[in-house]
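Remarks on the structure that follows.
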Amino acid sequence: MSAVETQKRYHVTTFGCQMNEHDSERMKGMLESLGYAPAEVADDADLILFNTCSIRESADSRFIAHLGHAKRMKRERPGVVVGVGGCWAQSVKDEIFERFPFVDVAFGPGQINRLAEFLTSDSLSAQGYFEFEGFPAHLPTKRDRAFQAWVQIAVGCNLKCSYCIVPSTRGRESSRPFEQLLDEVRALAADGVREITLLGQNVNAYGRDLRTDEPLPDVLLPYATAAKRPTSVGQAGRPRTFAELLLAVAAVPGIERIRYTSPHPKDIREDVVAVHAEVPEVCQHIHLPLQAGSSRVLKRMRRTYDKQRYLDRVAMIRERCPDIAITTDIIVGFPGETEEEFEETLEVVDAVAFDGAFTFVFSPRRGTEAAEMVDEFLPHPVKVARMERLVERVQHHARERTRRFVGRTLDVLIEGPSRTDPSKLRGRTTHNKVVNFTGIGQPGETVPVEITDATSQTLSGEMSLLSALRV
Ligand code: SAH
Ligand code: SF4
Ligand code: F3S
């Protein structure tokens, strides 16, 4: 048999958020460095991996259905190794081996490197790895997209939103060293990356746990609290800030766009907004998760801001960045949510007029505070009816907001062919709006596009004549 035929093959199925997508890129990079090759479908793989999510019940059930398929494959080919990583694995830990005895290895989000240990050991018994160990920065990454990349700037979350499972699956907040991140961004830029998305559960809390003796960049001085000013630097130095990270990443040659997700409204401060206003590489989009419009519900959710503070933040953002897109996450049917409280969510949706929103029905998660509020759970039809009203309102505003682009010429970063019409190109504006357009160019290039039409989700247009002539 040739070496190619004996080479082991892997298949990874990813659920959940961009952090999981990025962890999967690292799993793939690590597996390829161990000599594994990718398999198109799980049926052809020797190693079948699932990178799981547990944010809502629907995420759990989608994954469990996939596990049934893995079980059948294992019965047919007992040599296959089945591995389960990510947040769901972390939330059930060793219980996974009792419930699903055909699983060989399970590991939490911070334990990708342990997968390599397992695969290179002689151990045949099921193994679980669930410690929190920080970010495995040394692992290679296999990116699917040539010119866009994720950079995980912090792991974990120190907040205690009462509905959320993430603090228990991703552990305590910890920022990666500033210089290590910049080295990573420089290497990505040298590799052709033009757009960076900084990732963290509470991304703008970045740097609070780091210390430096470097002075804060001059442009940020007007916004610095006393503790961050260089004059007050003690022996231990000052904390790093998210705003200075944005500035430093923007200064890396080759990086044209910077996005980040997700910020917490309490930490979107003037310095970050000033960077959005003044630094062209930092995109004109902020995802600002609202969750609920009623201050009473926000309190029960332990969100640490109230309705007015949220609206004040939006006003501050709009004042400095009038054209910026603001999107959000909203949960309906939190335990005990009254009709009046729900209507306050609609009020905030009307007051802000979001460019877009992800809307979720409350889902009780094991081990969370809100899962204990059983007596106040709302009947399913009430939640569904509220969701319908909310979605209708959200879409109305998204349509209106998108329409403002018609007639304008916007820079569009080309991502590839349009998904609906292959004769067209597809790209994104700085506002994170998808544009399908006629024109010429390669993925990764930025071209001016005249916007001719809009739906609530996407824009359509034509590449500007002037630039077509230049090509
Ligand atoms: N760290 C991010 C959120 C990550 S989870 C932040 O704080 O913004 C993404 C979204 O899932 C949340 O914003 C919330 O709207 C939703 N979500 C989280 N837990 C949920 C639950 N138990 N039920 C319904 N939606 C939930
Ligand atoms: Fe969950 Fe809240 Fe942390 Fe976001 S900020 S990950 S919603 S606990
Ligand atoms: Fe899901 Fe974990 Fe992300 S629960 S949303 S994969 S942080």
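Counting starts at 1 for both ligands and their atoms, in listed order. FYI, the numbering just counts along the sequence from 1.
Under 4.0 angstrom from ligand 1, the non-hydrogen atoms of Gln291 all belong to its side chain. Contacts between Phe360 and ligand 1, counted as non-hydrogen atom pairs separated by less than 4.0 Å, involve the side chain only. Residue Ser262 touches ligand 1 through its side chain alone, judged by heavy-atom distances below 4.0 Å. At a 4.0 Å heavy-atom cut-off, ligand 3 touches Arg170 through the side chain alone.
Around atom 3 (Fe) of ligand 2, the protein contributes the following N, O or S atoms at distances under 2.8 Å: Cys157 SG.
Annotation: atom 8 (O) of ligand 1 to nearest protein heavy atom, Pro289 CG, 3.0 Å. Considering only non-hydrogen protein atoms, atom 5 (S) of ligand 1 sits nearest to Ile55 CD1, 3.5 Å. For atom 2 (Fe) of ligand 3, the closest heavy atom belonging to the protein is Cys87 SG, 2.2 Å. Counting only heavy atoms of the protein, atom 23 (N) of ligand 1 lies nearest to Ser363 N, 3.0 Å. With hydrogens left out, the protein atom closest to atom 19 (N) of ligand 1 is Tyr163 CD1, 3.3 Å, a heavy atom. In terms of protein heavy-atom proximity, atom 1 (Fe) of ligand 3 is nearest to Cys53 SG, 2.4 Å. The protein heavy atom nearest to atom 7 (S) of ligand 2 is Tyr163 OH, 3.4 Å. Given atom 4 (C) of ligand 1, the protein heavy atom at minimum distance is Gln201 OE1, 3.6 Å.
With a 6.0 Å radius and a threshold of 12 heavy atoms from other residues, nucleotides or ligands, Arg404 has its CZ atom above the threshold. No more than 12 heavy atoms of other residues, nucleotides or ligands shown are found within 6.0 angstrom of CD on Glu131. Crowding of Glu339 atom CD: a count of heavy atoms from other residues, nucleotides or ligands under 6.0 Å exceeding 12. The environment of Glu57 atom CD is sparse: at most 12 non-hydrogen atoms of other residues, nucleotides or ligands sit within 6.0 angstrom.
Near Asn20, the atoms of ligand 3 lying under 4.0 angstrom from a non-hydrogen atom of the residue are 6 (S). Those atoms of ligand 3 with a heavy atom of Ser54 less than 4.0 angstrom away are 1 (Fe), 4 (S). Here is the list of ligand 3 atoms found below 4.0 Å of a heavy atom in Gln201: 7 (S). Of all atoms in ligand 1, numbered sequentially from 1 with element shown, those under 4.0 Å from a heavy atom of Phe362 are 23 (N), 24 (C). Every atom of ligand 1 is numbered from 1 in the order shown, and the set under 4.0 Å from a heavy atom of Arg303 is 7 (O). Every atom of ligand 1 is numbered from 1 in the order shown, and the set under 4.0 Å from a heavy atom of Arg56 is 11 (O), 16 (C), 17 (N), 23 (N), 24 (C), 25 (N), 26 (C).
By the 30° and 60° cut-offs, the orientation of the rings of Tyr260 relative to His276 is tilted. Using bins of under 30°, 30° to 60° and over 60° for the plane-to-plane angle, the ring pair Phe360/Phe358 lands in the parallel bin. Using the six-membered ring where Trp is involved, Phe405 and His431 have ring planes that are tilted, between 30° and 60° apart. Ring-plane geometry between His66 and Phe15 is classed as perpendicular, the angle between the planes exceeding 60 degrees on a 0 to 90 degree scale with a lower cut at 30.
Ion pairing between a basic and an acidic side chain is recognised when a charged N comes within 4.0 Å of a carboxylate O; Arg389 and Glu392 show no such pairing. For Glu341 and Arg300, the salt-bridge test passes: some basic side-chain N is under 4.0 Å from an acidic carboxylate O. Using a 4.0 Å cut-off between a side-chain N of Lys or Arg and a carboxylate O of Asp or Glu, Arg176 and Glu184 qualify as a salt bridge. For Arg186 and Asp183, the salt-bridge test passes: some basic side-chain N is under 4.0 Å from an acidic carboxylate O.
Cys17 lies apart from atom 1 (Fe) of ligand 3 in this respect, since none of its N, O or S atoms is found at a distance under 2.8 Å.
The closest approach between a heavy atom of Val361 and any atom of ligand 1 is below 4.0 Å. Remark: distances from the non-hydrogen atoms of Val166 to ligand 1 are all 4.0 Å or more. Assignment of Arg303 to the shell around ligand 2 is supported, since a heavy atom sits closer than 4.0 Å. Arg365 counts as a contact of ligand 1, since one of its heavy atoms falls under 4.0 Å from the ligand.
Among pairs with a residue in residues 368-380, those fulfilling side-chain hydrogen bond (donor to acceptor under 3.5 Å, both in side chains) read Arg302-Glu369, at least two apart in sequence or across chains.
With hydrogens and angles left out, the side-chain atoms of Asn51 and Thr14 include no donor and acceptor closer than 3.5 Å.
You'll find the side chain of Tyr129 reaches within 4.5 Å of the side chain of Glu117, heavy atoms only.
Nearest heavy atom pair, residue Ile165 against residue Ser91, reads CD1-CB, 4.0 Å. Nearest approach of Phe354 to Thr327, heavy atoms of both residues: CD2-C, 4.2 Å.
With a 6.0 Å cutoff to the six-membered ring centre and a 45° limit on the axis angle, Arg143 does not count as a cation-pi contact of Trp150.
Where the criterion is an N or O separation shorter than 3.5 Å, residue side chain and backbone included, His264 fails it with respect to ligand 1.
Proximity annotation for atom 10 (C) of ligand 1: of Asn202, Leu290, Asp329, Val203, Asp329 comes nearest, heavy atoms only.
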